[in-house]
Each structure stands twice: as structure tokens, then as C-alpha cells.
2 protein chains.
Amino acid sequence: MARTKEFNEDQALDKAIEIFWHKGYNGTSAQDLVNHLGLSRSSLYDTFGDKQKLFVKSLKRYQKQNHDVLIELLENAPNIKTAFTEIFKQAVIESLQDRITKGCFMVNSSVELAMHDPEIAKIVHDNQKTVEDIFSKAIKKGQDLGQISDKQEARSLARFIFNNYSGIRVLARTGERDKQVYDDILKSIFALF
Amino acid sequence: MARTKEFNEDQALDKAIEIFWHKGYNGTSAQDLVNHLGLSRSSLYDTFGDKQKLFVKSLKRYQKQNHDVLIELLENAPNIKTAFTEIFKQAVIESLQDRITKGCFMVNSSVELAMHDPEIAKIVHDNQKTVEDIFSKAIKKGQDLGQISDKQEARSLARFIFNNYSGIRVLARTGERDKQVYDDILKSIFALF
DNA sequence: CTGATTCAGGAACGATTGTTCCGTATTTTT
DNA sequence: AAAAATACGGAACAATCGTTCCTGAATCAG
């Protein structure tokens, strides 16, 4: 019927994730989006509706990407405890090498928007529930295999792990570059495991 | 020389803390400040300079208030471990009863601004260092008194505690109202202690 | 090729942003 | 009492905000 889109919608979304992740929702202007996504205002609004809708779509995409990675890592791991340490080590590496410290897009959005935007609040809560379930399932398996201490309930441990993951991402967002600080935290976390 | 101020500057700052804490920096408009502080635009700008200066002053005041509470609680405590559990229990109580979930003003500001405003970044870093020192000193004392396990170094534990404190405040900010979630996390934290 | 359709670019919108300025009221010092 | 100084309230500022709309180019079906 008509001409085809000159841009890939998913690629544009990934660009949107980048800029929202870096600058936050309120800190990102429509002009920032135009510049960073490399498409015109009209295309942007025609395709995604408005800024809030674009943000929601970006956050959901980010969420899915992260869940897939977590599931992949934990389900195929021969040793669950090792897999968890790898997940954290990876987060530390990212935190240290990130020239522009972005932290975690989900954590950032929780803090900035969850209490002011019900739709974001729902995403954040879904995320907590889902990650908690992924962790919990893996920990249970690890406990059955004798790889993880079963002194603590699996769900309790899962929530604890999630909490420390949030904390580390906040630390990264503050620009902490001292590896020793992260390692100290990890040492304590896995002493319990 | 001239007429006296009709408002108390510290009281105004406390009001500023409230609104910035609730809405964040970018989310709070000049009009919000006028409404909430209850003083005119001119008085506001004459007294505090501009929005950023007011924010910095608010955050510094909040920081000092919190440090004072921590020091007070930890230095006079007969049992250090008990004191830490009380600090966390208090944070949980605040998180649960806060009708408008504000989280922690320092954590919120870290996430929103630390990487975009060097002055805020400095405050956030000072805060980390100071709280870490307060915690570390208390833990060392607790270890000497045999109240806290000395399997882990004091500073390492301090960083771990700080990390979990951040995490819990993020959780509060998301609006989590299930006490069990917080209790699960606390149970794991103090299993290590 | 023609006509229908949808694209991209950018001008333009009203609303809101943070900030400044001015006139008036009020208080203290001389 | 007069004068100097400052707080106050609100109008007004330019800039930027998110969003809409208009124009012309591009691409498809017939």
C-alpha cells in the first residue's frame, strides 16, 4: 500500500532503552529521543504513541531480555551456587567497566517512577515476582542437589539475593569503581549460601 | 536594619526534604516548592539561590539527621547486634506504614542524580564512606565484645549491611507492603552476623 | 504511469519549566 | 519621624517541555 519503514522498531526500542536507562524518564526529553533514536518526531509519535508509552515498551523489553538471560544461566547450570556467583560477578564487571554508570534500568525506574505511575508499578512488581520465582526455583534445585545450604528456606534466600542484587546496582549507579567494595559484599552474601 | 523573616529556614528545609524525597529532583517543580514550603517565589530564591542549591542543602540536612540517629543508636547500645536488628526493623516499620512510599532520600538521589551532578555525587560518596565507617566501628566493637561473629572482617560486613539497607529502601520505594518479604531478607542478613 | 497511502522532516503549538524583577509592606536603625 | 534595608506576593521572562500538524517525498497496487 505504501512505503515501508526505514527503521527497525526493535532496534529503535533498544536505543530508547539506552537513553532512558542513562538519563531516566524525567531526565530524557523528546529531543533527546529524536537525537538518540535517529528518527523524526512524527515517526516517533506515530510508532510509539507518546513518551510514556515508549518508556513502558522499553522497560518491558529490557525486563524480558534480563529474564531470558537469568533463566538461561540458571537452568543449564551444572552447579547452581556457582551460577549465582557468576551472575553477581558479571554484575560487578559491568558496574566497573561501564564508562557511563547506568546501574539497572529496572531499579532506576522503580525508584523514579513506581510510586507515581501505576503502570510502571505493575511492571516493577511483576519483575520482582518473576525474578523471585526464578531464583527460588533454582535455589530449591540447588538445595536438593546439596549445592546450597538448606538452613534457610529457598524463597527467603531468593528474596535476600534479590535484595543484594538491587543494592549492588544502586552502588554501581553511584559510580563506585572500587572492586574491593563489591568483592566484600559478595564474600558476605555467599558465606551464607 | 530591616524586617525579619516570617519563616524559619530550617523548617522550610524540612519541607523541602519532604517534597524532594517524595517526588525526586526532576519531578519537583518550582511551583511544587512554592506550594509545599508555603513561601513566595522571591523569598525562596532570595533565601536558597536556586532549585539545585536548595536540593543540595536539603540532602545535606537529611544526611546529617540520619548520621546523628545512627551514631546515637550504635554508640549507646549495650548490644551491637541487637542495635543493628533494631535499625533494620525500624526501616521495615517505616516502609510498611509510609502511606506515600518515599524510600530513602539518599538512595533516591543517588539513583536519579549522582551520575549527572558532581556535587550530588560527592555527597553520596561522602555518605557511603561515613555510614560505612560508623557501621564498621560498631561491628568491630561488637566483635570485640563477642556479640558479632568475627569470621568476616568488620569493614566487609559493614559494606554488606549497607548494601542490604540500600536494597530494602529500594524495595520500600516500589511500594512493597508484604511484611514477610522484609522479614525474609532480615532473617538471612542476621544469620550471617 | 497514476493514484492511493504512508512515510520522514521540521515548523509550530500551548503548557509548563526555572528564574528574575518590580512594587509594596514591614521592620529596624539613625 | 525619616531613611535604609529587606521580606513579601505576584506578574512576567525566556527557554524548554511534550505533542500535533503540515508538507513533500517515497513506495506500493492497479
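Every chain is numbered from 1 and lettered A, B, ... according to where its sequence line falls, protein lines coming before strand lines.
For A:Phe55 and D:dG18, the CZ to C1' distance is 16 Å, given to the nearest whole Å. Here the P atom of nucleotide C:dG10 and the CG atom of A:Leu44 are 14 Å apart, to the nearest Å. Going from atom CG of B:Asn8 over to atom C1' of D:dA7 covers 15 Å, rounded to whole Å. Nucleotide C:dT6 holds its C1' atom 15 Å from the CD atom of A:Glu9, rounded to whole Å. Per the geometry, CG belonging to A:Asn35 stands 11 Å off P belonging to D:dC17, to the nearest Å. Put simply, CG on A:Leu37 is 12 Å from P on C:dA8, counting in whole angstrom units. Atom CG of A:Leu39 is separated from atom P of C:dC7 by 12 Å (rounded to the nearest Å). Distance CD (A:Gln31) to P (C:dG9): 13 Å, rounded to an integer number of Å.
Under the 4.0 Å criterion applied to side-chain N and carboxylate O atoms, B:Glu176 and A:Arg159 are not assigned as salt-bridge partners. Using a cutoff of 4.0 Å between basic side-chain nitrogens and carboxylate oxygens, A:Arg169 and A:Glu94 are scored as salt-bridged. Ion pairing between A:Lys137 and A:Asp133 fails under the 4.0 Å rule for side-chain N and carboxylate O.
At a threshold of 4.0 angstrom between heavy atoms, the contacts of B:Asp50 are confined to the sugar-phosphate backbone, with no base atom among them. As judged by a 4.0 angstrom heavy-atom cut-off over every strand, B:Ser42 is placed among the base-contacting residues.
Residue A:Ser43 places no side-chain N or O under 4.0 Å from the OP1 or OP2 atom of C:dC7.
Between the base of D:dT19 and the side chain of A:Arg41 there is a donor-acceptor pair shorter than 3.5 Å.
Of all nucleotides listed (C:dG9, C:dG18, D:dG18), C:dG18 comes nearest to the side chain of B:Tyr45.
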Original post:
Run the side-chain hydrogen bond (donor to acceptor under 3.5 Å, both in side chains) check on A:Asp32 and A:Ser29 step by step: do they pass?
Top reply: CA-CA 5 Å; A:Asp32 286 335; A:Ser29 68; 3.3 Å; yes

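Aromatic rings of A:Phe20 and A:Tyr62 (six-membered ring for Trp) have centroids beyond the 6.0 Å cut-off, not under it.
In terms of position along DNA chain D, the nucleotide closest to A:Asp32 lies nearer the 5' end than the nucleotide closest to the other residue of the pair A:Asp32 and A:Gly49.
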